[in-house]
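We're numbering straight along the sequence, starting at 1.
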Amino acid sequence: IPLGIIMQPLAPVPPGAEQVHEVGYSSMAGTILRCKSCRTYINPFIKWEGNGTSWKCNMCGASQKTIDPYVNSLDAAGNRVDRFEKPELCRGAVEYIAPGEYMVRPPQPPVFMFVIDVSYTAVVTGMVDTVVSCIKETLQSGMMAGGGRMQIGVITYDTSLHFYNLSSNLSQPQMLVVSDLEDLFLPLPDDILVPVSESESIIMTLLDSLPTMFRETKANESCMGSAVKAAFMAMKHIGGKMMVFGSCIPSVGDLSLKSTRDNPRLLGTDREVELLRPVNDGYKDLGAELTRAQISVEMFLAPQQYIDLASISPLAKYTGGDVRYYPNFHIQLSGLKLKHELQHVLTRYMGWEAVMRVRVSRGWKITKFYGHLFIRGHDLLVIPNCHADQTFAIAFDMEENVTPEPVMYVQSALLYTNCEGERRIRVHTYAGVTTQNANDIFNSVDVQAATTMLSHIALEASLKTHLPEGRNRLHTMCQQVVQAINMAPQAEKLQFLPLYIMGMLKSQAFRGTNDISADMRTAIWMRLETMNVPQMAAYYYPRMMALHNAPDSCGMPDEHGRVALPDMLNLTSESMTQDGIYLLEDGDLILMWIGRAVDTGVLGALFGVPSFEQLDPAQGEQVIGTRGDPLSNKIAHILAQVRSERTVPFMQLKIIRCGDPLEARFFASLIEDRTIGLQSTYTEFLQRMGYRPQQAQGQNPPMGGMPPGGAPPGGAPGMSGPPMGAMGSPGMRR
């Protein structure tokens with residue numbers, strides 16, 4: 001089992017939990033107290049010496065004097081008597097307001113540069129309409145992260161680049177076209193990026209006119225690479241967030257790609273990985289250049305055909321951004337999803353020009369960083385734009401020839417500028433007891449965090465070698481886990497891990513089938529690299545519940561607005577009947593399966609149709625909750641609760657009647673049955689992995705069946721933990 005920590009430094013605080021405490025440097029005698037040797041921030045685990053006049057660092061062991069204004073007396077146990085009055089001495093998560101020494105330039109204003117594809121495909125599918133209307137609505141709502149300091153720019157592109165002068169001195173925006181992509185230049189030195197407070201009306205005028213401006217376009221090629229470089233030229237003096245929207249492969253201009261690279265015959269073979277690697281390092285190198293200028297790239301790609309996502313995606317990965325992929329996009333089918341996800345990106349809590357460093361205590365070493373980031377030097381993580389969803393995984397191991405101390409410490413420090421222009425340092429400090437006892441180790445495993453680490457390791461192996469090697473790594477690790485279960489059958493937590501690993505092998509991320517395009521596989525891998533722990537757990541072990549017989553206690557909001565959900569079912573068709581309606585969600589999509597024998601009264605109450613045959617799956621969601629029927633309202637509340645637990649991404653609802661083609665997608669998620677990804681039931685899989693039932697003790701196979709009464713919504717049945725969609729604390733999972 002890999003040793004590591006999953007970090008979500010700016011995670012939203014769960015409802016009811018206390019907010020992260022702020023610490024002003026004035027309360028620390030005008031400075032932020034740090035170890036002079038290793039630069040660790042003072043934290044609850046340091047040791048006080050000399051009646052509080054000095055302290056010993058818990059990371060490196062160095063002793064140093066306490067500055068005079070910070071000295072206070074100790075109690076009989078050697079602890080500061082005022083420790084509960086100082087968050088930095090009693091909280092694992094604090095946020096410092098940083099003094100001037102933590103700035104190399106004045107704090108950066110929030111900057112958003114929108115780079116929008118206006119080619120024929122982008123216009124006729126409704127992508128341009130969706131993007132423009134969402135930007136406009138978000139600006140008008142006042143919810144956009146940035147406030148009065150925010151600056152905005154817009155560049156559109158097809159086979160040419162279109163810049164817009166948004167000066168507040170103009171009565172309407174002025175478009176300037178650059179057709180020469182060989183020798184890029186900015187057609188005007190200023191007013192491409194403008195303060196919203198001065199130019200909001202002219203920005204709105206441009207957004208109103210963009211869809212009609214290109215309505216009759218015939219250009220159906222893209223110069224995305226040139227557009228990104230042009231946006232870089234316009235914002236490199238400040239930095240910020242570049243929002244790139246594309247609908248077709250960049251086939252002209254800088255960093256152009258060829259659609260002939262796509263080769264579906266390689267899918268499902270050892271050579272599939274050739275399609276999942278970039279054709280060259282062009283976009284990766286550009287990403288490194290953008291990172292140096294404190295620019296992060298968020299990509300929203302809505303193509304109808306192959307776009308070579310493997311070659312484009314490093315632009316987002318190495319600048320701390322994300323890739324959102326909407327294949328076969330049409331505004332009526334996917335417009336709501338794109339709109340919700342774009343709005344979330346524009347309004348979530350975020351910081352600018354950020355760097356992060358992770359420190360571990362003596363006897364330990366960091367071996368690998370996973371996530372979307374750029375590593376400068378040995379261990380400085382550069383994240384031009386940090387935000388609430390951002391998640392990283394850090395693997396570490398014991399130093400050779402060093403005996404670890406009884407407690408291992410990990411500290412992360414994220415230095416960033418918030419939208420108000422304040423320099424902040426979000427510090428998390430974690431302490432874990434070490435042990436030589438194998439049973440204690442097995443029982444302390446956080447199975448969902450371990451699944452996240454295994455996923456990162458297997459993804460890396462798949463890309464470096466090929467997919468079969470990634471699957472082999474998972475098989476090998478699963479065999480070792482099963483051997484540990486055989487030796488320590490009482491290790492209840494560990495027994496869930498083989499189930500998650502089987503879910504990984506059967507998922508679209510790893511399964512060896514030829515029905516997943518190269519672009520789709522790349523998009524899934526990109527998403528998995530940035531998922532938090534609850535999302536990852538749900539992806540590999542989805543949640544299924546019965547709706548038709550949900551008890552009265554479910555589906556109605558309580559006084560806090562929270563809705564109780566039906567019990568979670570085992571992921572097997574044996575949990576289902578033909579007269580039932582079942583909801584299955586994996587954090588990306590909600591599927592509702594309707595059996596042929598469902599009572600016509602239920603269909604009428606829910607969808608307003610008299611029979612199974614007359615149900616139109618495409619219109620179903622629009623009817624749910626509008627009938628005024630108690631069952632209809634109950635299921636609408638359940639859907640809303642599931643979505644509220646997972647704000648990212650927006651989960652579309654797909655209604656599936658028994659026998660519909662999309663049914664295969666539903667049953668492929670029932671991982672405890674034989675599926676397209678792996679022709680083994682869970683029991684058969686365990687036997688192949690070497691599981692030996694403990695007959696003498698009458699023990700069942702691990703996770704062979706659902707515990708009575710279902711499971712809490714923390715992930716796999718029986719797992720304890722925070723509700724799905726929430727971090728247990730805004731910090732770390734080990």
Can you tell whether the side chains of Lys365 and Asp397 come within less than 4.0 Å, N to carboxylate O? no
Thinking salt bridges, do Lys368 and Glu460 make one under a 4.0 Å N-O criterion? yes
I'd like to know if the side chain of [X] pairs up with that of [Y] as donor and acceptor (distance under 3.5 Å, no hydrogens or angles considered).
X: Asp673; Y: Ser573; value: yes
X: Thr513; Y: Arg511; value: yes
X: Ser517; Y: Tyr306; value: no

With distance as the sole test, does [X] use its side chain to make a donor-acceptor pair with the main-chain N or O of [Y] at under 3.5 Å?
X: Asn437; Y: Thr435; value: no
X: Glu298; Y: Asp322; value: yes
X: Gln411; Y: Thr40; value: no
X: Thr319; Y: Gly287; value: no

Given salt bridge (Lys or Arg N to Asp or Glu O under 4.0 Å), test Arg665 with Asp586 step by step and report yes or no. CA-CA 12 Å; Arg665 171 73 173 80; Asp586 63 359; 3.1 Å; yes
Verify the neighbour count for atom [atom1] of [X]: are there more than 12 heavy atoms of other residues, nucleotides or ligands below 6.0 Å?
X: Glu663; atom1: CD; answer: yes
X: Glu684; atom1: CD; answer: yes
X: Arg277; atom1: CZ; answer: yes
X: Gln679; atom1: CD; answer: yes

For Phe650, is the NZ or CZ atom of Lys337 found under 6.0 angstrom from the centre of its six-membered ring and inside 45 degrees of the ring axis? no
Between Met453 and Leu3, the two heavy atoms sitting closest are CE-O, 4.4 Å
Determine whether the aromatic ring centres of Phe45 and Tyr409 lie less than 6.0 Å apart. yes
Rounded to the nearest 0.5 Å, what separates atom CZ in Arg471 from atom CG in Leu467? 5.5 Å
Hey, what do you get for CD (Glu585) to CD (Glu645), rounding to the nearest 0.5 Å? 7.5 Å
Test item: Ser313 and Met299 side chains (from C-beta on) under 4.5 Å apart, heavy atoms: no
